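Structure, as C-alpha cells:
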Amino acid sequence: MVMLAATVVVAHHGASDLAAVGPVSFVESTAVGAEPTGNGYPVWYRDAVGTEVELCIEFTNPMCGFVGNEIPHPAVPISFPDNFPGEAFWWSGEAAMDSATGQSVLLVMAVEAAFASGEVAAHNDQVSFGRVRIRFRELTPDAGYTVTHPYGVEHLTAEPDGSVFVTQDIGALTLPADFSETLNSPVLGGLLMWDTEKPAGYLGDPAVPHTVTGSPEHTNFFRIVGPGLESFAGVEGVVDCSLDAGVPAGTCIQSNDFFIMGKEPVTSGVEAVRAAYVNPISSPGYVEVHAKSRPGQTLEVSGPGIRTVEMKGSGDNYYAKILVDDQAYLDELVVTNTTDGTTWAVSVTDLVTITRAEYHIPPSGSPAGTLGELVIEATSSNSQVVTDGGLAYLAAGLGGNFVPGSTTLTVEGVLSAPLNVTVTSSAGGTDTEPVRLVGPNFDSADLEIVAAAIAAPSLVAPTDTVTLDGTGSLGDINSYTWSVIAGPPGFSLPVTTGSTVSFPAPHATGELVLEFGLLVEGVAGSDSTTTTVTVRNTTPTAIVSGPAVAVVGETVTLDGSGSTFASDYLWTQTGGPGVTINTADPVVSFEMPPADVVGSPEPLVFTLTVWNFDGSASSTTSPAITVAPFDDALTVTSALFRTRKEQIRIAGTTTLYADPPSPFQVTNLVTIYEGDGNPATPPIARNMLGEAEVDHLDGSWTLRAKDLDPVLHVRDGEQWVMVDIVSDRDGYLGEFWVPVGR
C-alpha cells in the first residue's frame, strides 16, 4: 500500500445532537446452549440533520450493493454468523474520475460494519466506523494536491510514484465496541443522497451515478486541484473547474456524480437497557424497565410474574414501572416493539448504589506499622437482599460480605488505600465507585541529597568525540555547570551547561591529560566532582566487522569504525570482481556481484589501512568475502482477484525457507508485480501489487491486498490478471495468470 506523504485536514464537521445510533440487533436467548439471535450491530444510524439509514444486508437486493461471493453461501439467506458478509454498510458513497491515459482518482465514503479480527463474522467481534478514503494513481510525483469533498478539504502530497492513498476511519474500532463513537465521523455530519428523483425507500442507487445533496460543508462534489491533470480533459463525467477555483487551466478537475447506497429504516428495533426490581420495606415491590428505540414506537414489557404493560417515553428514554405481586416468579422480562415485531430479553436485577467509600488514614503520630480502615456504605433497591446479607464488596486485594441487615461495612487493618471498590448483590446488581482518602495531610518528604557524578572515557585518540555525562548525578537537580581544570592553551568546552557536553579531543603529539569539573545545584544544595580524560597519539589497530559470505545482490557493509586510535582510513580491494566503494570512509557498502566461477567463487578481498592522528603509525587488516550463488524456486498454490473489493489473494511456496547453516540464504520476502508479458521489462518497473513474508517453517507465503486496479486481460472468454512474482533471493515466476471473480 502506498501511504500519504503529508496530510492537513481542514473543516471536518462531526455529528450534532440530532445524530443518534439505534438499538443493537442482538437478543440473548434464555434456552440452554442456544446461540444469540440478531447480528450484534445497531439497526440504524441517524446523521446530524435527521437522516436515518439501516444496515442494508439483503444480499439479493441490488440496492444494497452486494455482488459475487460477499457471503460464504450466496444461494441461501443471510444468517449470523455462519452466512454473513465480512463487511456491510449502513451507507456508502463513491466518486471516481479516470483519465484517457490511465490516471485515476477515487473518493470512498461509508458508514461501515466490520469485525475487529478480520473479515470473518464472529460473536462479540463487531465494530463500526465512518470512512473517508482518497486514492490517486499516476499523478505528478512529490506534487501537492488540494482535495475538496463533501466532508472537508485535504492538502495532500503525492508519493514518488505519483500516488496517494489516505484513509480516515473514525468510530467504534476497539472491543467492546461503543457504537456511538461512530457518530464522531464527519460522514454522519450529513449523509449524501440523490438531489432529485430519489428511489422510494433509499437515498440512492449504488449502480447509478447521480448528483447529490446533503454535504454539511455545502460541497456536494469531488474536486482535485494540482499539476498533471491535463489528460482528464474531455472525459465524460469530469468537469474542468479551473475557472471556478481560480487556478490555471488544466489544474482542476471535478466530479458532481456519486454512487450512493443507503436504505431508509423499515425496522426501528428495540434494546432493553435495564430492568431493576425495587422492594421497599413498607411498600409492594415493582420493576423499573428502561429501553430505547426510534421515537413514535409502541413498546410493551411482558414476562412471568407481571402483567403486560405499554411503556411510555420516546427515543432513548422509554420506561415502565410495573407492580410485582411475587418476586419468586421474576427472572427475565421481554421488551417488544409491537410496531415492527422486534424483541429484547433482559434479566431482572436490583439497583446497587455505593453512597460512601473511604479509606481512613491512620492519625498523625500513630506507631510505625499502623494500618488504615476501609469504610463502605451501600444500598440495594431490594430490601430483601440487605436483610439476607446479599451484599458483597471487592477492592484491590480485599473482598468479603456485608453483615445481614447492614448497609455499612468497616474493614480494619487495610495496608493501602484501594483505587476503587465494587459492591455486588445476590440479585445481580453492581456498582463501582472511587475510594476517597480521609485523614491527616502528609508531611513534606525529606529532600534527597544532591551528589555530582561524571561518566567519561578514560583514554581517547586526537579528534575522537568525547562525551562528559552528568546524568548519573543524584538528587533533585536544577542546573549543571561544566569547567576545564587542566588542558592545552586555548582549549575550552563548546557549552558549559546541560547534563552532557560533547567535543572533539584536542591534538596531541604524545600524551595529554585533560581534567574537567562538574557543579550540580538542586533544591537540597549543591555538589561538585572532577574527572580526567587522557588523549594519546599512539599506534592504531585496524579492526573490521562484516560478513565472511554474502549472496549475489546482497548489500554488504564493512565497518572499520571500531579501529582504535584511528584518524584516517584507506580501503583497497585486492581480489575478486571489482566493486565501487568510498575508499576513505570508515564504513563502506556495496552490492555483492555475481560469482565469476559458479561453485568455486573467487573471494572479494579488501585491505583496510588506518593511521593515527599525525600519520606516524599505521595498521592493516584484510577481510575476505565469498559469493554464495544458488537458485530459489517459486510456486503458486491458489490465486484469485475479486473485482468488487479490488482485492487479490494469492498464495504459494519458495524453496529457500528453512534456516540453513548460513542463515543469510533464507528467502524472507516475496513481491508480486503486475505483469505486462514483456520479459525485457524489469519487475521493479511495473505496478507492485504487494509483498508477502515467507514462513520459515514450511516456505509458504500468502498475499492479501485490497484497493488494487490492475489491467484485466481476456483469455478464452474469461477475465484474468497477469502477475510476475519475485523473491528477495532471485527467485522468479513470470506471466502467471490469476483468475478474476466478483
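Since we're looking at a predicted model, the values are computed, not measured. Starting from 1, each residue takes its place in the sequence as its number.
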Going by the salt bridge (Lys or Arg N to Asp or Glu O under 4.0 Å) test, which pairs reach into residues 194-205, not counting sequence neighbours?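 Qualifying pairs, neighbours excluded: Lys198-Glu264.
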Salt bridge (Lys or Arg N to Asp or Glu O under 4.0 Å) partners of [X], counting only residues at least two apart:
| X | answer |
| --- | --- |
| Glu181 | none |
| Glu94 | none |
| Glu433 | none |

Indicate whether any N or O donor in one side chain lies under 3.5 Å from an N or O acceptor in the other, for [X] and [Y].
| X | Y | answer |
| --- | --- | --- |
| Asn382 | Ser380 | no |
| Asp257 | Ser255 | no |
| Gln384 | Asn279 | no |
| Thr182 | Ser128 | yes |

How long is the straight-line distance from [atom2] of [Y] back to [atom1] of [X], given to the nearest 0.5 Å?
| X | Y | atom1 | atom2 | value |
| --- | --- | --- | --- | --- |
| Arg131 | Ser185 | CZ | OG | 10.5 Å |
| Asn39 | His123 | CG | NE2 | 10.5 Å |
| Phe66 | Ile78 | CZ | CD1 | 5.0 Å |
| Glu300 | Thr338 | CD | OG1 | 5.0 Å |
| Leu415 | Leu374 | CG | CG | 12.5 Å |
| Leu188 | Leu18 | CG | CG | 12.5 Å |

If every non-hydrogen atom of [X] is compared with every non-hydrogen atom of [Y], which pair is closest and at what distance?
| X | Y | answer |
| --- | --- | --- |
| Ile170 | Pro186 | CD1-CD, 4.0 Å |
| Val208 | Trp194 | O-CZ2, 3.7 Å |
| Leu391 | Ala378 | CD1-O, 4.0 Å |
| Phe402 | Ala392 | CD1-N, 4.2 Å |
| Thr157 | Val164 | O-CG2, 3.7 Å |
| Val43 | Trp90 | O-NE1, 3.8 Å |

Would Arg223 and Val239 satisfy side-chain contact (heavy atoms from CB on, under 4.5 Å), going step by step from the backbone distance to the final call? CA-CA 9 Å; Arg223 173 185 292 178; Val239 177; over 6 Å; no
Which pairs pass side-chain hydrogen bond (donor to acceptor under 3.5 Å, both in side chains) with one or both residues in residues 49-60, sequence neighbours excluded?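 Sorted result for residues 49-60: Arg46-Glu52, Glu52-Arg294, Glu54-Lys263, Glu58-Asn61, Glu58-Lys263.
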Tell me if a side-chain donor or acceptor on [X] pairs with a main-chain N or O of [Y] at a distance below 3.5 Å.
| X | Y | value |
| --- | --- | --- |
| Ser293 | Val270 | no |
| Glu271 | Val24 | yes |
| Arg135 | Asp707 | yes |
| Thr349 | Gly428 | no |
| Asp340 | Thr267 | no |
| Trp91 | Leu192 | yes |
| Asp350 | Gly429 | yes |

Validation row: [X], [Y] side chains within 4.5 angstrom (heavy atoms):
| X | Y | answer |
| --- | --- | --- |
| Phe165 | Arg133 | yes |
| Gln126 | Phe80 | yes |
| Thr211 | Asn220 | no |
| Glu154 | Val166 | no |
| Val273 | Tyr318 | no |
| Val411 | Tyr393 | yes |
| Val127 | Thr174 | no |
| Asp125 | Leu175 | yes |

Which of these, Asn420, Thr379, Val421, sits in a side-chain contact (heavy atoms from CB on, under 4.5 Å) with Ile354?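 Testing each of Asn420, Thr379, Val421 against Ile354, the sole residue satisfying side-chain contact (heavy atoms from CB on, under 4.5 Å) is Val421.
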Applying side-chain contact (heavy atoms from CB on, under 4.5 Å), run through Val187 and Tyr151 and close with a yes or a no. CA-CA 7 Å; Val187 174; Tyr151 301 105; 4.1 Å; yes
Could you go through Phe136 and Ile134, starting from their C-alpha distance and side-chain angles, then the distance that decides it, and tell me whether this counts as side-chain contact (heavy atoms from CB on, under 4.5 Å)? CA-CA 7 Å; Phe136 296 173; Ile134 301 167; 3.5 Å; yes
Assess whether atom CZ of Arg704 is packed by more than 12 heavy atoms of other residues, nucleotides or ligands within 6.0 Å.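 Above 12, so yes.
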With sequence neighbours left out, what residues match Tyr359 under ring pair (Phe, Tyr, Trp, His ring centres under 6.0 Å)? none
Salt-bridge criterion met for Lys706 and Glu119 (N-O under 4.0 Å):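 Glu119 and Lys706: salt-bridged.
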Test side-chain contact (heavy atoms from CB on, under 4.5 Å) on Thr408 and Glu377 and set out the steps. CA-CA 4 Å; Thr408 301; Glu377 290 184 359; 3.4 Å; yes
Of Thr430, Thr432, Asp431, the residue whose pairing with Thr422 passes side chain to side chain donor-acceptor pair (under 3.5 Å):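 Filter result, single survivor: Thr432.
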For the pair Phe115 and Tyr41, name the ring-plane relationship: parallel under 30°, tilted 30 to 60°, perpendicular over 60°. perpendicular
